[in-house]
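The block underneath contains the structure these notes are about, expressed in structure tokens.
Residue numbering restarts at 1 for every chain, and letters A, B, ... go by the order of the sequence lines. Only a predicted model underlies this, so the values are computations on that prediction, with no experimental measurement involved.
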Amino acid sequence: MSTQLNDPLTRPLTKNIREDRRPTDMAAYEANDGYQSLHSTLGKRSPADCLQIIKDSNLRGRGGAGFPTGMKWSFVPMEDATPGHKYLVCNADEMEPGTFKDRWLLECDPHQLIEGMIISAYTLQADIGYIFIRSEYLLAAQLLREAIADCHAKGYLGDNILGSGFNFELHVHASAGRYICGEETALINSLEGKRANPRAKPPFPQVSGLWGRPTIVNNVETLCNIHHIVQHGAQWFQNLGIGSDAGTKLYGISGRVNKPGCWELPIGTPIRDIFALAGGMEQGYELRGFLPGGGSTDFLTPEHLDLAMDYDTIGKAGSRMGTGTMIVLDDKTCAVGFVKNLVEFFAQESCGFCTPCRDGLPWSAQVLDDIQQGRGTSEDMNTLARQIGFIGAIGNTHCALAPGAMEPLASGIQYFREDFERHLNNGHCPLCHEHNPKGKHDSQHKGQQGVSQGVAS
Amino acid sequence: MMSSQIIPSLSAAELADIDAEISHAPYKAAVAIDALKIVQSYRGWVSDESLKAIAQHLEMSPAELDGIATFYNLIFRQPVGEQVILLCNSVTCWIKGYEQIREQISQHLGVGLGETTTDKAYTFLPVTCLGACDKAPVMMVGDELHEHIDRNDLTQIFRSREQAQ
Ligand SMILES: Cc1cc2nc3c(=O)[nH]c(=O)nc-3n(C[C@H](O)[C@H](O)[C@H](O)COP(=O)(O)O)c2cc1C
Ligand code: SF4
Ligand code: FES
């Protein structure tokens, strides 16, 4: 296979990434134009200029919601009446089921993220940064710590970076494992050493975030774009996209495809082309549907294959592009089991703050289990519909976790009702049997609680 | 209980690591999660004794610290084996045979999820999506990620470890 590196002008995010996933060290990074943006920006371009470039570029957040990054940043006060720290936080929690894109960037090119963060911090005039990384990404955390040390040695981090007068300290914070930490205000609470319950908004973190100070939280992939945009310009970035969105996007596919993987492609690439890169379905399996962007997005079906993978197109089709990493439902997997797995995940990961989520999601999971085990009735389908209506409505819960859990459930019932009917009518499903011949279903929650709770409690 | 009655049980190394975190935090309790992880990295888990000692060092109540400790999935408040097995049970790994693999590991080690083998070598836990779905099914044994565990005889993973000891 080719060991050639990707073209830096059309595949900026993966230009240093090799097939063997070897990490790019400082020397290799700098040899391929690394830290050029740093040299040409700090002290040479005003932060306001940089912000304007990001705004003009039409970059949208890659963490799932697709919020315009420039607009988000513009709420950070630049002339602060109460001087003090400003924070830039990289969200490297990546725990959305089916999502494996940030790990790739972190493990293969840690310096890219650091350069992106330095330019972002300069733009925002933030003096302290954190990389909030999930506990299990041990290799990535170690590489980042080494890369940060290398940057200090070179004068790229610390006080008066490259003589520009700009100071920036960067710390790696490894999480202790909880999906809700990925929600940005919960992440801030966790960074403060607390339980990761989301905060009420307003105040927005841009104004009052970490320790009450202005804070920006962005996804790994978002931040990796910043220095490329500042270096090559907003127009260059806009031209990278195929449709209305700008830039490239990391797209991934997992499930029963021949070559599951992750690729950097122009944003707006047709879904069918991404499936082609994955080598199509495994022999003996047919595509029935897929979640386009992680576990909390609505199912799409083969009829949607020609859609462009961008925020608006996928939104109009009734789903969300989310993280851009697709999960495939094949014809030998039962949609009831698939959806139950996801709802159990969200039920387990509920932070417990609000009732519809804390008590509603375990109830949905229980109803799905009843249906799967052949104990379900048609009344259970009505119960699920009521739960979807209530829990799925934005505004009934304190954060987006619970509504996100309802997306695969609602669309799963919509598109794959026959799977639910089969369980209700026959009490037995050959596809589920195939998965679990002995029919033993340990509760996910029970296994986890085995050790994270104290003996006495 | 009065704080003066608590016998500090943190080692010098643990205290040094925790203090290094405190050095760039605005107040001590802000490093609660780091401190729990540090102690766990030395002892494998966080006992009631350790919890009280950490709380005292961070100038917070043990109850508050326990509320934090039990919130997070990877802070262990019970003893665990020498290595923790984290078997991914999220959707892609489930599609690719999680349930059968769970059964195989259970049979091989003689424990169910949430349990520790009698020789204290392994604790067997489920974990949510490990961000390696393109290599599904996956699990971590200790610090190491094992990919495509359906393709190999996964009991080999444990056997080779046993032999190494
Ligand atoms: C329950 C929940 C989990 C989330 N997990 C993540 C995550 O792991 N990584 C991430 O970047 N964003 C995650 N988000 C989105 C963040 O709240 C936030 O919108 C994002 O980090 C902003 O970055 P961006 O604008 O660069 O996309 C999550 C949101 C919710 C509601
Ligand atoms: S929706 Fe769930 S995760 Fe979000 S605040 Fe409420 S209980 Fe917590
Ligand atoms: S589902 Fe197992 S690694 Fe993502």
Side-chain angles (χ1 to χ4, degrees), chain A residues 94-100 102-103 134-138 169 171 173-179 190 192-196 211 252-256 260-262 295 325 327 330 333 337-338 341-342 345 348-349 435-438 440-442 444 446-457, chain B residues 24-27 29-37 45-46 48 51 58 66-80 84 86 89-92 94-100 102-103 112-116 123-136 140 143 145:
Chain A
E94 190 158 71
M95 288 182 72
E96 175 84 7
T99 302
F100 50 98
D102 296 338
R103 185 199 269 267
R134 68 176 291 183
S135 185
E136 298 89 339
Y137 283 7
L138 295 161
E169 284 295 341
H171 306 287
H173 175 95
S175 181
R178 207 60 202 264
Y179 168 65
S190 192
E192 290 186 2
K194 301 174 183 154
R195 294 167 74 104
W211 293 301
I253 303 190
S254 69
R256 294 279 179 200
C262 196
T325 40
I327 312 165
D330 60 75
T333 299
F338 187 112
N341 179 282
L342 288 167
F345 164 83
Q348 176 193 301
E349 294 301 317
H435 261 275
N436 188 11
K438 294 215 189 86
K440 261 187 76 179
H441 290 271
D442 283 2
Q444 297 185 7
K446 183 180 133 237
Q448 182 56 57
Q449 282 203 331
V451 289
S452 66
Q453 306 290 305
V455 193
S457 62
Chain B
H24 61 80
Y27 49 89
V31 308
I33 296 162
D34 307 88
L36 290 163
K37 288 191 75 171
W45 67 296
V46 180
D48 289 352
L51 186 98
L58 300 185
D66 202 16
I68 296 165
T70 53
F71 183 89
Y72 292 96
N73 293 332
L74 295 171
I75 302 291
F76 303 140
R77 288 284 284 114
Q78 286 184 41
V80 291
V84 174
L86 297 175
N89 68 3
S90 286
V91 63
T92 304
W94 173 79
I95 291 170
K96 295 245 177 147
Y98 155 77
E99 299 195 51
Q100 276 116 322
R102 183 196 63 213
E103 284 304 296
L113 290 175
E115 295 173 359
T116 301
T123 295
F124 186 26
L125 295 180
V127 74
T128 61
C129 175
L130 282 170
C133 328
D134 52 337
K135 314 275 174 21
M140 288 181 80
D143 290 353
L145 179 72

**Asked** Yes or no on side chain to side chain donor-acceptor pair (under 3.5 Å) for A:Ser135 and B:Tyr72, after CA distance, side-chain angles and deciding distance?
**Response** CA-CA 11 Å; A:Ser135 185; B:Tyr72 292 96; over 6 Å; no
**Any side-chain heavy-atom pair of A:Lys194 and B:Ile33 under 4.5 Å** = no
**Prompt:** About how many Å separate CZ of A:Arg134 and SG of B:Cys129, when rounded to the nearest 0.5 Å?
**Reply:** 6.5 Å
**Most contacts with chain A, counted as non-hydrogen pairs under 4.5 angstrom, among B:Ala29, B:Ala35, B:Pro26** = B:Pro26
**Message:** I need the residue from B:Val80, B:Asp34, B:Val46, B:Val31 with the largest number of non-hydrogen atom pairs under 4.5 Å to chain A.
**Reply:** B:Asp34
**Message:** With a 4.5 Å cut-off on side-chain heavy atoms, are B:Leu145 and A:Arg103 touching?
**Reply:** yes
**Prompt:** Is A:Tyr179 close to B:Thr128 at the side-chain level, that is, under 4.5 Å between some pair of heavy atoms?
**Reply:** no
**Message:** Please report the interatomic distance CH2(B:Trp94) to CD1(A:Ile327), rounded to the nearest 0.5 Å.
**Reply:** 12.0 Å
**Message:** Report which part of A:Glu169 has an atom under 4.5 Å of a heavy atom belonging to chain B: side chain, backbone, both, or neither.
**Reply:** neither
**Request:** Select one option (side chain, backbone, both, neither) describing which atoms of A:Asp330 are under 4.5 Å from chain B's heavy atoms.
**Result:** side chain
**Fill in**
Applying a strict 4.5 Å limit to non-hydrogen atoms, the region of B:Ala136 in contact with chain A is neither
**Message:** I need the residue from A:Gly255, A:Ala174, A:Gly177 with the largest number of non-hydrogen atom pairs under 4.5 Å to chain B.
**Reply:** A:Gly177
**Prompt:** Does the side chain of B:Leu74 reach to within under 4.5 Å of the side chain of A:Glu136, using non-hydrogen atoms?
**Reply:** yes
**Message:** Under a 4.5 Å cutoff for heavy-atom pairs, which residue among B:Gly97, B:Ala132, B:Gly67, B:Ala32 has the most contacts with chain A?
**Reply:** B:Gly67
**Item:** chain B contact via A:Arg195 - which portion, at a heavy-atom distance below 4.5 Å
**Value:** both
**Request:** List in chain and number order the residues that pass ring-ring contact (aromatic ring centres under 6.0 Å, His included) with A:His171, two or more places apart in sequence or in another chain; answer none if no residue qualifies.
**Result:** A:Tyr130, B:His24
**Message:** So for B:Leu51, is it side chain, backbone, both, or neither that comes closer than 4.5 Å to the heavy atoms of chain A?
**Reply:** neither
**B:Asn73 side, atom CG; A:Met95 side, atom CE - distance, nearest 0.5 Å** = 6.5 Å
**Atom group of B:Lys96 that falls short of 4.5 Å from chain A, counting heavy atoms** = both
**Item:** Toward chain B, the part of A:Ser190 with a non-hydrogen atom under 4.5 Å
**Value:** both
**Asked** At a heavy-atom separation under 4.5 Å, does B:Val91 approach chain A through its side chain, its backbone, both, or neither?
**Response** both
**Prompt:** Below 4.5 Å, heavy atoms only, C-beta onward: do A:Phe100 and B:Thr92 meet side chain to side chain?
**Reply:** no
**Request:** May I have the step-by-step check of side chain to side chain contact (heavy atoms under 4.5 Å, CB included) for B:Tyr98 and A:Asn341, ending in yes or no?
**Result:** CA-CA 11 Å; B:Tyr98 155 77; A:Asn341 179 282; 5.7 Å; no
